[in-house]
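Counting starts at 1 for both ligands and their atoms, following the listed order.
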Amino acid sequence: MEIIFDLKGLRGAVSGWKNQGNSIALVPTMGNLHLGHLSLIEGAKDQADRTVVSIFVNPIQFGHGEDYELYPSTLEQDLDILRDANVDLVFAPNLDELYPAGIEADTRITVPDISDILCGEFRPGHFSGVATVVMKLLINVQPDYAFFGEKDYQQTLVIRRMVSDLLLPVKVLTLPIIREENGLAMSSRNSYLNESQKQLSSGIYKAIEKAATMLRTGADSFDGIEKSSVDWLEELGFKVEYFSIRRRQDLKLVNDGVDKSLIILVAAWIGDTRLIDNLQVDI
Ligand code: AMP
């Protein structure tokens with residue numbers, strides 16, 4: 001496995017493979033790897049001849065007062081995991097490599113509309129930060145495929161829209177959420193939770209499953225389901241940012257009786273930890 005920290009080395013390695021006719025898959029991550037990341041890596045390995053995993057905690061997707069400084073960094077452990085997974089190349093640049101002009105003055109990619117709702121409403125600038133760093137990675141790796149997790153469903157739509165609008169020659173592929181036994185979606189941020197918070201955290205998945213059952217059976221209006229879900233989570237001790245039933249293709253509000261492919265999305269805090277989750281529902 002090659003471990004590369006600079007863009008020149010990255011471009012050299014990838015172009016060598018391309019010249020040999022190999023296809024390339026990219027899996028962007030912020031490290032602190034878990035089984036959710038590994039499922040993307042397995043998908044990438046099945047799809048392409050060579051798999052590149054990037055590890056970079058991207059400062060510009062964190063808002064002021066968010067957890068950029070606290071974000072778990074476990075590079076040595078991650079490299080062991082990636083070696084065991086037979087990844088071909090790990091790209092782990094430092095800040096200057098990706099932001100030579102500094103992070104304040106940097107050029108930004110902004111994907112309209114989809115970036116401003118749900119998570120975008122509560123984390124202004126977040127998706128612009130994500131789109132910008134993913135663009136930098138796509139330009140420099142020039143992969144045939146790029147893999148993203150449906151855990152960050154809104155992010156997958158932001159990336160798809162960017163790729164489509166900017167005519168990037170890459171196929172975006174997404175894979176389902178990998179969960180803990182208690183239903184909690186795996187996330188690097190789960191390491192912030194103490195034992196009792198970990199137990200409580202299963203409430204998020206229970207709430208979306210309950211809401212999904214109500215949706216399928218038509219037990220209540222969309223509004224009614226959203227309100228009772230928020231109440232239930234808040235009684236458990238969560239602080240809910242949003243609990244929303246949306247159309248799956250663009251996260252717009254559901255046209256009742258017309259849209260059948262839906263998704264339930266939630267963002268909620270337990271103590272100082274913000275968790276997100278979602279569940280796709282067909283009605
Ligand atoms: P992160 O390191 O959190 O930025 O995540 C890197 C990639 O892994 C993103 O595409 C995430 O959506 C994906 N990912 C994170 N957690 C999970 C999970 N539990 N299941 C599936 N994919 C995930």
ask   = Of all residues at least two apart in sequence or in a different chain, which pass the salt bridge (charged side-chain N to carboxylate O under 4.0 Å, His left out) check with D259?
value = R247
Okay, side chain of [X], backbone of [Y]: is any donor-acceptor separation there less than 3.5 Å?
X: S128; Y: I109; answer: yes
X: D49; Y: I24; answer: no
X: R189; Y: L275; answer: no
X: R246; Y: L118; answer: no
X: N182; Y: S201; answer: no

Please give the N or O to N or O pairs under 3.5 Å between ligand 1 and the protein, distances rounded to 0.1 Å.
unit_1, atom_1, unit_2, atom_2, d
ligand 1, 2 (O), M30, N, 2.9
ligand 1, 2 (O), H37, NE2, 2.8
ligand 1, 5 (O), H37, NE2, 3.4
ligand 1, 10 (O), G149, N, 2.9
ligand 1, 12 (O), G149, N, 3.3
ligand 1, 12 (O), G149, O, 3.1
ligand 1, 12 (O), D152, OD2, 2.6
ligand 1, 16 (N), M186, O, 3.3
ligand 1, 19 (N), I178, O, 2.9
ligand 1, 19 (N), M186, N, 3.4
ligand 1, 19 (N), M186, O, 2.8
ligand 1, 20 (N), I178, N, 2.9

